[in-house]
Amino acid sequence: MNMQQLLQIVQPVLGYPLDPKEQIPVISQANGPLWVVAGPGSGKTEALVVRTLKLIFVDRVSPKSIMITTFTEKAAKNLFDRILNYASHIFQNDPALQQAIDIHSLRIGTLHSLCNDIMLEYRHPGYENYRLLDDLEQYLFVYEHSDLVQDNSTNYLPLWQRFDYLVSHWDYITDSAGWGDRTRPPNRWRRAKAAVSIFNRIVEDMIDLNQMRNQGGVWQLLSDAYEDYMCNLEDHGRCDFAHLQSKFLEFLNSLLGDLFLSGDGSERHPGITYVMVDEYQDTNPIQEAIYLKLTESHHNLCVVGDDDQALYRFRGGTVDCMVTFDRACARRWGISPNQVTKKFLSANYRSHPDIVRYCDDYIKSFPVMGLSGARVAGKPVLVSKGGISGNYPAVGYVTGKTIEETADNFARLVRDLLDNIIQLPSQCALLMRSVRESPRYAGPFAEALRRVAIQPYNPRSRTFLKQEEIMTALGAFVSVIDPNLAANPTSAALSSIKGPGIQRMVEGWVREYQRITATNQALSNYVSQSLAYIASQAPNSWLGVNILEILYRILAHEPFSTWENDPERSYRLGKLTKIFETYASVPYPGSPGSTRGNLRTSNVSQGEVSFGWRQDFYYSLVGLLVSEGMSDPEEEEIICPEDRLPIMTVHQAKGLQFPFVFVYGLNQRPSQESSVSLEDDLSQFRQNPSLLAFSQQQRTEQDLIRFYYVAYARAQYVLVHLAPQAHLKGGFGFAGRDVHRFQQSVPTV
DNA sequence: CTGGGTGCAGTTTTT
DNA sequence: CTGCACCCAG
């Protein structure tokens with residue numbers, strides 16, 4: 001098959017021709033480093049898909065020799081589905097190919113999943129019999145095993161003073177008063193959370209530990225604490241997401257890794273000959289090192305991304321990798337930066353020309369984005385090439401005296417749209433910083449929509465822990481492990497719970513449980529029996545029950561058996577079970593073989609579950625649930641039911657598009673992010689220092705500007721700012737640009 | 001329309 | 001503790 005024949009099959013499925021100046025060159029250039037700088041809605045993923053097809057069907061590269069990574073599981077699945085869809089058309093056209101080519105052997109996924117799969121496939125000795133920790137498990141593991149968390153003394157005080165920015169925000173929210181000048185360490189779960197951020201960052205930014213230790217003081221304390229954590233992981237056979245990547249890099253540098261990379265001519269080990277990376281703007285330094293190592297011998301590395309849409313610094317992503325890709329290749333491979341082919345995808349097929357222009361003007365209007373290194377050099381203006389046109393105001397705002405009034409005007413505008421122009425609420429989207437339904441965030445907007453009979457869809461509103469079935473299950477559980485609480489919920493303070501937030505939460509669960517059991521004796525009987533059983537056991541002995549079993553038994557009673565018939569409730573209870581499973585899997589320090597799932601009786605108060613176990617449960621697990629909130633589980637396939645109006649965070653909306661986009665929260669000022677500070681603090685110890693040198697304030701501003709840019713670029717037909725009077729004055733999202741003011745009804749589209 | 005005073009509520013995201 | 005949203009005086 002040649003390129004012409006491939007395009008003849010692909011283009012009818014795609015529905016529009018691939019751009020001969022922009023997309024085709026990206027598809028056809030196979031060899032050497034390729035740096036694709038793509039604007040929003042420019043068909044970058046499509047270019048990557050067709051490039052893959054071209055390598056497989058035209059160049060006849062073995063699919064097993066091609067690696068394609070993206071940022072999320074969802075995006076990876078989407079990418080593979082598209083490839084499969086095209087492949088099926090190609091196979092229909094030439095059935096013989098189906099026998100010859102195993103498309104499923106493509107190495108496609110998130111970098112993390114590929115690291116895991118490949119090391120298992122090759123039985124890398126450094127990655128055998130490890131349990132991979134997800135974020136909750138990592139947090140719980142650190143909580144139990146890190147000296148930084150376990151040591152309550154003032155030993156680590158200087159370190160906590162140094163990293164105050166990682167914990168102080170939470171102090172103010174969950175304590176009635178903060179520690180002020182920090183004369184005591186923060187509480188345990190805050191220490192655990194901060195420790196996780198620091199440990200992950202040390203690995204992902206490839207910090208030189210010796211260099212850090214030699215700095216002395218808090219840096220030495222930190223190096224020791226990190227090494228202690230790493231040893232604990234090894235001792236217990238655990239691996240976190242960050243170390244998954246460092247282990248993979250080790251693997252690549254081993255003999256086995258060489259077999260994987262170079263192959264041996266067999267079908268089983270064809271070697272890796274092409275690597276493609278989507279969403280490269282969110283890559284971190286260790287991932288950059290992995291990609292450059294993977295392609296060290298042939299340089300066939302193609303990265304695709306939009307430096308203006310970097311959103312994941314909190315996760316270690318640094319846009320520097322995208323902006324300085326040519327120099328990074330040069331530094332690592334010893335080539336010249338201009339041997340890296342740079343291609344721009346600047347056509348926008350998504351939005352009305354006015355929206356395209358608005359986005360372009362927006363990002364360029366900030367001096368901080370014009371500084372050298374803020375964006376990829378030479379980035380051209382976005383050019384609108386979509387089919388959407390028409391002479392109507394495509395960008396504007398809705399205002400009101402207060403948030404409530406603004407929300408009302410917004411709801412009326414949507415009502416009017418539905419009555420006259422659009423068919424479904426899901427053709428709109430409301431994007432905001434936080435989707436919690438509180439008075440400052442999504443609350444007024446959700447209510448205003450309901451008043452005009454439009455149902456919002458807001459699965460991430462963090463109401464999981466407030467759901468009847470979850471509260472009842474947890475209420476029953478804590479009643480079993482904490483008899484004081486069962487007898488009198490307000491005695492929470494006496495039951496080893498000190499944090500007021502945790503106290504309130506637990507008290508609410510028990511009350512809900514008691515309300516439900518007023519008419520469901522079977523469940524309360526089970527709880528009484530369990531309490532009696534525990535009371536009959538000798539002090540300081542292991543109970544023969546796992547907390548997961550207790551939860552299962554609770555769920556076997558009414559009203560849960562009835563609730564399980566409701567898919568939404570059943571789904572949520574499944575998530576609760578998963579959380580318990582995770583907690584139960586955390587190894588118990590000091591008692592080999594046992595885990596947090598095993599209960600022990602107290603050696604002090606006869607007939608109770610150990611005080612220490614309870615305290616750890618409340619502080620580590622409940623503390624985290626309370627502080628983070630929990631969201632409902634989401635169906636993977638569903639973006640939004642079509643008869644609802646989605647309320648989303650900008651991160652959620654990334655990669656999606658909607659005909660009508662409403663954005664709230666334009667008054668936001670850049671406020672110092674802890675991830676920016678941490679990045680800066682550790683930068684002096686990096687093995688591959690960043691090639692850029694923006695100040696913390698500059699990076700913070702750039703991040704905020706990019707954040708809004710991503711939101712605005714979601715809109716296809718109309719982009720509407722939701723701005724109460726006070727917001728119109730300034731802020732980074734709007735800055736008084738001259739746009740149309742939408743009243744309660746829209747002009748004809 | 002501006003600005004100071006008061007009162008209240010309290011991020012987000014992923015492997 | 002901050003920072004905002006809102007109110008009211010000027």
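Naming convention: chains lettered A, B, ... in sequence-line order (proteins, then strands); numbering from 1 in each chain.
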Would you mind reading off the distance between [X] atom [atom1] and [N] atom [atom2], rounded to a whole angstrom?
X	N	atom1	atom2	value
Phe445(A)	dA5(C)	CZ	C1'	13 Å
Tyr664(A)	dT11(B)	OH	P	13 Å
Gln245(A)	dT15(B)	CD	C1'	8 Å
Phe71(A)	dT15(B)	CZ	P	7 Å
Leu704(A)	dT13(B)	CG	P	16 Å
Leu133(A)	dT15(B)	CG	C1'	12 Å
Leu624(A)	dT11(B)	CG	P	15 Å
Lys193(A)	dT11(B)	NZ	C1'	11 Å

Do [X] and [Y] have a side chain donor and acceptor closer than 3.5 Å?
X	Y	answer
Gln138(A)	Asn200(A)	yes
Thr582(A)	Lys578(A)	yes
Tyr130(A)	Glu234(A)	yes

Residues [X], [Y]: salt bridge by 4.0 Å N-O rule:
X	Y	answer
Arg313(A)	Glu679(A)	yes
Lys654(A)	Glu279(A)	yes
Asp81(A)	Lys77(A)	yes

Does [X] make a side-chain N or O approach to OP1 or OP2 of [N] shorter than 4.0 Å?
X	N	answer
His727(A)	dC4(C)	no
Arg706(A)	dT13(B)	no
Arg460(A)	dT13(B)	yes

Touch check for [X], heavy atoms < 4.0 angstrom, all strands: base, sugar-phosphate only, or nothing?
X	result
Asp135(A)	base
Tyr312(A)	sugar-phosphate
Arg313(A)	nothing

- Task: Check DNA chain B against residues 429-444 of chain A and give the residues with a non-hydrogen atom under 4.0 Å, in numerical order.
- Result: Arg433(A), Ser434(A), Arg436(A), Ser438(A), Arg440(A), Tyr441(A)

- Message: Quick one, Ile207(A) and Arg686(A) - any side-chain contact, counting heavy atoms below 4.5 Å?
- Response: yes

All N/O pairs under 3.5 Å across the protein-nucleotides 6-8 of chain C interface:
{"from": "dC6(C)", "atom 1": "OP1", "to": "Ile403(A)", "atom 2": "N", "distance (Å)": "3.2"}

- Message: I'd like to check the salt bridge (charged side-chain N to carboxylate O under 4.0 Å, His left out) partners of Arg436(A); sequence neighbours left out, ordered by chain and number.
- Response: none

- Message: Just to verify, which of Tyr397(A), Phe410(A), Tyr712(A) counts as forming a ring pair (Phe, Tyr, Trp, His ring centres under 6.0 Å) with Phe662(A)?
- Response: Phe410(A)

- What are the two closest non-hydrogen atoms of Ala711(A) and Val661(A), and how far apart are they? O-CG1, 4.0 Å

- Task: Do nucleotides 1-6 of chain B as a string where each nucleotide becomes B, S or -: B if the base has a protein heavy atom under 4.0 Å, S if just the sugar-phosphate does, - if no protein is that close.
- Result: ------

- List in chain and number order the residues that pass ring-ring contact (aromatic ring centres under 6.0 Å, His included) with Phe248(A), two or more places apart in sequence or in another chain; answer none if no residue qualifies. Phe251(A)

Review item, side-chain donor-acceptor pairs of residues 302-312 of chain A, under 3.5 Å, at least two apart:
{"from": "Asp306(A)", "atom 1": "OD1", "to": "Asp308(A)", "atom 2": "N", "distance (Å)": "2.9"}
{"from": "Asp306(A)", "atom 1": "OD1", "to": "Lys379(A)", "atom 2": "NZ", "distance (Å)": "2.6"}
{"from": "Asp306(A)", "atom 1": "OD2", "to": "Gln309(A)", "atom 2": "NE2", "distance (Å)": "2.8"}
{"from": "Asp307(A)", "atom 1": "OD1", "to": "Lys379(A)", "atom 2": "NZ", "distance (Å)": "2.9"}
{"from": "Asp307(A)", "atom 1": "OD2", "to": "Val376(A)", "atom 2": "N", "distance (Å)": "2.7"}
{"from": "Asp308(A)", "atom 1": "OD1", "to": "Arg375(A)", "atom 2": "NE", "distance (Å)": "3.0"}
{"from": "Asp308(A)", "atom 1": "OD2", "to": "Arg375(A)", "atom 2": "NE", "distance (Å)": "3.2"}
{"from": "Asp308(A)", "atom 1": "OD2", "to": "Arg375(A)", "atom 2": "NH2", "distance (Å)": "2.7"}
{"from": "Asp308(A)", "atom 1": "OD2", "to": "Lys379(A)", "atom 2": "NZ", "distance (Å)": "2.8"}
{"from": "Gln309(A)", "atom 1": "OE1", "to": "Arg714(A)", "atom 2": "NH2", "distance (Å)": "2.9"}

